[in-house]
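Quick note: residue numbers are just sequence positions, from 1.
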Amino acid sequence: MDNAHKAQTQTATSLRAICQSGALHFLESYTAKRYALNMDFFSLINPKLFEELKSPPMQYNVYCNGEDLNIIDVQTKNFVYPTRKKGKKLEHTMIEQNLALALNPLNNSAYTLHTNRLALHKLDEEKLALTAGICNPMIDMMLNEFGGANRFHLPSHFLPNMTLFGLLGGMFLQFLIEEGYHFHSLLLFEEHIDFFRISLYFVDYPLLFERVSERSCYVFVKDLLHKEFVQNYFTQRRITNNFLRLELCLYDSPKLQAVQESVAESYAINSRGWGSFDDEMIGVKNTLINLGIDKTHLSYPILHLPQRVNAPICVVGNGPSLDMLLPFIKANAKNMIIFSCGTALKPLKNAGIEPDFQIEIERISYLKDVLESAPLGETTLLCGNMVQPDALALGKEAYIFMRGGSASAYFGGVKSVVEFAAPYVGNAGFALACLLSEEVLICGLDCGYIKGQSKHAQGSFYGEEESNIPQNAYAVQGNGESEVYADALFSLSSAMMSKAIGIFKPKLVINLGQGAYIRGARPVCVEDFTLREIDKNAQILALKSYMSAHRQAVLTRDDYRFYQESIVAYKEEILNALRESIGCKTADATQRNVAHKVELFKRIDMLYALTLKKSANEPFVGLLFEGSISHILHTMMLCALHIPNDNIALFYARCVEIIESGLNKMAMSYKMQSTSYIKG
């Protein structure tokens, strides 16, 4: 090495400069300092991990011999990074491979770029008129006025959402940091504590945390990730973490694969179940009718939850597992209360089984036709408050429960709300069962596609179906011997069932199906147990006694006026947050604002956090708008990513104008509907 090169290397402070110089003897001072600083950092933010990191290496350690750098398995003496012969010398590839990993990650074949299969498309203007009235004009404006391209354009050195599985020393991550990369969010999992310890020699972790958005850097070491943590990673930034996800996995192992699958599942779940103002308003209208507020319809008794019945409840869904479980249900009908969920009604009736309650939550206009075709007959209805009134009127005996997750369930501050009752009607039936009994049996709530079987039970409303697995499905753990796949909505359904078990805490939940495994439920075969005898009629009467017809007494005209005022105030809060500048002014004479995509990501996170806060503090108003605001923010983000430059100031300003007009229409829509009931 010539003297000039040596002098340059000696003064270099970056890991990249040292590695590219080839003078690895300068690494000793760098790694010693970096390791000490990182240990101090983790002693403050994670004392438990700090204590584990103090232990000596058990399997892997850094190998540095002269100008050779690698990771060595101290037990087998094998190198982790490949070596090759160069003449008589053995050449190590650790630096070479890490430099390659740090080269343009978004266009690097070592990484996988996920998009949640989302594309920029317009919403259905007939089904979602008000929400589409905001989202669709933004798309048109981007394409027609701002040169929107077919591919996305990100600012240089900005990575929206990165998930790393295995570090193998993590030099590439430090190279990215030194090159100036920022991460909107980062989830990192390292299986081996030794590999993570080695990364402390190279990665500037305090700086890494600074380069990630606040509270968006998730680091997991050794232990499998809890699904709640992974889901929280996505849901806290539901919009910005919903599209581009850059993934890198540096080695294979069963644990890493399990973590990858968990992240992929949570990422998929995040894209579903957003709802919309348009759908929520249908639910509000139906609820007001079902509660008898408009004085032209009967009011239905409302479920309250004072105690549990002394009988097992069998929750029946329309999955393919139902076919093999019909004999069991029929033979044991006298010793359990049967909740038929949605389209499970027809297969049950065809098998000569009379459900005790038919559960429904759909707002759809053709629900009445579905129930008539089953037929409903003498079966008692137990429906979500937002169900189509004409469908409720079919029941010779009908009751309502306030279905959580929908705005209309919280009107007037009602307390007896059934949570975890979405996305499917089976989730509603299951949540009710967990609240109403200590013993719950699951039949046909498969939460997935069973290989070789159709999606639904035979003879149901859906008719004959092919046994195919959709392209967007992924393998999940099965409840039995069958091979099972799920999509985002099925995974969301199973996650909600697990949460219901964890929160409502029934003593025993048995899953008799062959679909997806439900965490908290016990997989059991029908031959392995018998049901005790019960006085079924007495327990059904006890359950019906939990219904009350006094719900409408707490709904006053002041409620309507209050929500009108609250909606207007919330709309202005959103618009004020949108109007705040997201960029800086240029130094030229025009003084035009310059807004960048990085700032837009932060603004979207702030706005989404605002919606979550509103939904928690005032559920009726918050949930009424939350879904549509999510769609609006998501559309604005996707449009911005397709604009072929980073200055989006004018585009953003025009979007705010479109959003303001659309939110005004939403507020007026609620006012017009509620005013008609005030006058009545």
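Between Leu441 and Phe529 there is a side-chain heavy-atom pair separated by less than 4.5 Å. No side-chain heavy atom of Leu345 sits less than 4.5 Å from a side-chain heavy atom of Val316. Asn537 is listed as a side-chain neighbour of Asp535, based on a closest heavy-atom distance under 4.5 Å. Two residues are said to be in side-chain contact when any heavy atoms from C-beta on lie closer than 4.5 Å; Val309 and Tyr546 meet this criterion. Between Met162 and Leu188, every side-chain heavy-atom pair lies at or beyond the 4.5 Å cut-off. Counting only heavy atoms from C-beta outward, the side chains of Phe189 and Leu256 approach each other to under 4.5 Å. Counting heavy atoms from C-beta on, the side chains of Asn242 and Arg237 never come closer than 4.5 Å. Side-chain atoms of Glu280 and Arg363, non-hydrogen and from C-beta on, do get closer than 4.5 Å to each other.
Within 6.0 Å of CG in Asp252 there are 12 or fewer heavy atoms belonging to other residues, nucleotides or ligands. Applying the 6.0 Å contact sphere to CD of Gln458 captures no more than 12 heavy atoms from other residues, nucleotides or ligands. For Lys544, the NZ atom sits in a packed shell: over 12 heavy atoms of surrounding residues, nucleotides or ligands are nearer than 6.0 Å. Within a 6.0 Å radius of OH in Tyr251, more than 12 heavy atoms belonging to other residues, nucleotides or ligands are found.
Taken from CG in Leu508 to CZ in Arg522, the straight-line distance is 5.0 Å, to the nearest 0.5 Å. How far OH of Tyr366 is from CG of Leu371: 12.0 Å, rounded to the nearest 0.5 Å. To the nearest 0.5 Å, atoms NZ (Lys396) and CG (Leu381) are separated by 12.0 Å. Remark: Ile442 CD1 to Ile313 CD1 distance equals 12.5 Å, nearest 0.5 Å. For the atom pair CD (Glu191) and NZ (Lys222), the distance works out to 11.5 Å, reported to the nearest 0.5 Å. Between the CD1 atom in Ile450 and the CG atom in Asn479 there is a gap of 9.5 Å [rounded to 0.5 Å].
Looking at Ser321, its side chain never comes within 3.5 Å of a backbone N or O of Gly513 through a donor-acceptor pair. For the pair Lys451 (side chain) and Ile469 (backbone), a donor-acceptor distance under 3.5 Å is absent. A distance-only check finds a donor-acceptor pair linking the side chain of Asn286 to the backbone of Met386 [under 3.5 Å]. The backbone N or O of Leu376 lies less than 3.5 Å from a partner atom in the side chain of Lys349, making a donor-acceptor pair. For Gln514 (side chain) and Glu481 (main-chain N/O), a donor-acceptor pair under 3.5 Å exists by modelled atom type. Judged purely by atom type and a 3.5 angstrom limit, Thr611 uses its side chain to pair as donor or acceptor with the backbone of Tyr608. His631 places a side-chain N or O within 3.5 Å of a backbone atom of Gly275 that can act as its donor or acceptor partner. Proximity of a side-chain donor or acceptor of Arg308 to a complementary backbone N or O of Cys434 within less than 3.5 Å is detected. Although no hydrogens or angles enter the test, the distance criterion places no donor-acceptor pair under 3.5 Å between the side chain of Lys368 and the main chain of Ala393. The main-chain N or O of Ser262 is never found under 3.5 Å from a side-chain atom of Tyr267 such that the two would form a donor-acceptor pair.
Gln453 and Pro320 make their closest contact through OE1-CB, 3.1 Å (heavy atoms, listed as atom of the first residue, atom of the second, distance). Nearest approach of Ser628 to Phe277, heavy atoms of both residues: OG-N, 2.7 Å. Of all heavy-atom pairs spanning Val509 and Gly520, the tightest one is CB-O, 4.3 Å. Annotation for Ser408 and Asn385: closest pair OG-ND2, 2.9 Å, computed over non-hydrogen atoms. Residue Ile518 comes nearest to Met497 through the heavy atom pair CG2-CB, 3.9 Å, listed as atom of the first residue, atom of the second, then distance. The minimum heavy-atom distance linking Gly166 with Leu250 is given by the pair O-CD1, 3.6 Å.
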task = Output, in order, the C-alpha distance, side-chain angles, deciding distance and verdict of side chain to side chain contact (heavy atoms under 4.5 Å, CB included) for Cys525 and Leu512.
result = CA-CA 6 Å; Cys525 296; Leu512 299 173; over 6 Å; no
query = Can you check side chain to side chain contact (heavy atoms under 4.5 Å, CB included) on Val230 and Phe220, steps first, answer last?
reply = CA-CA 10 Å; Val230 180; Phe220 300 91; 5.5 Å; no
task = Show your reasoning for whether side chain to side chain contact (heavy atoms under 4.5 Å, CB included) applies to Leu367 and Asp390.
result = CA-CA 8 Å; Leu367 178 58; Asp390 288 347; over 6 Å; no
inquiry  = Show, in sequence, the C-alpha distance, side-chain angles and deciding distance for Thr380 and Tyr399, and conclude whether the side-chain hydrogen bond (donor to acceptor under 3.5 Å, both in side chains) test is met.
reply    = CA-CA 8 Å; Thr380 300; Tyr399 302 94; over 6 Å; no
task = Just do the side-chain hydrogen bond (donor to acceptor under 3.5 Å, both in side chains) check on Glu354 and Thr379 with the steps written out, would you?
result = CA-CA 7 Å; Glu354 179 61 35; Thr379 306; 2.4 Å; yes
request  = Using the side chain to side chain contact (heavy atoms under 4.5 Å, CB included) rule, take Leu489 and Leu492 through it: C-alpha gap first, then chi angles, then the decisive distance, then the call.
outcome  = CA-CA 5 Å; Leu489 214 51; Leu492 179 59; 4.3 Å; yes
ask   = Are Glu466 and Lys455 close enough, and set up right, to give a salt bridge (Lys or Arg N to Asp or Glu O under 4.0 Å), and what steps lead you there?
value = CA-CA 8 Å; Glu466 295 182 1; Lys455 184 178 179 181; over 6 Å; no
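Relative ring orientation between Tyr424 and Phe490 is described as tilted, the plane-to-plane angle lying within the 30° to 60° band. Ring geometry for His634 against Trp274 counts as perpendicular: the plane angle is over 60°, on a 0 to 90° scale with 30° as the lower cut. A perpendicular orientation is assigned to the rings of Phe339 and Phe357, their planes being inclined by more than 60° (bins at 30° and 60°).
Residues forming a side chain to side chain donor-acceptor pair (under 3.5 Å) with Tyr485 (at least two apart in sequence, or on another chain): Glu483.
There is no side-chain donor-acceptor pair under 3.5 Å between Asn468 and Tyr449. In this structure, a donor-acceptor pair under 3.5 Å is present between the side chains of Asn427 and Ser493. At a cut-off of 3.5 Å, with distance as the only test, no side-chain donor of Glu360 or Gln388 sits close to an acceptor on the other residue. Side-chain atoms of Gln358 and Ser340 include a donor-acceptor pair closer than 3.5 Å. Side-chain contact, Ser491 with Tyr474: a donor N or O sits under 3.5 Å from an acceptor N or O.
Salt bridge annotation for Arg272-Asp487: absent, with no cationic side-chain nitrogen under 4.0 angstrom from a carboxylate oxygen.
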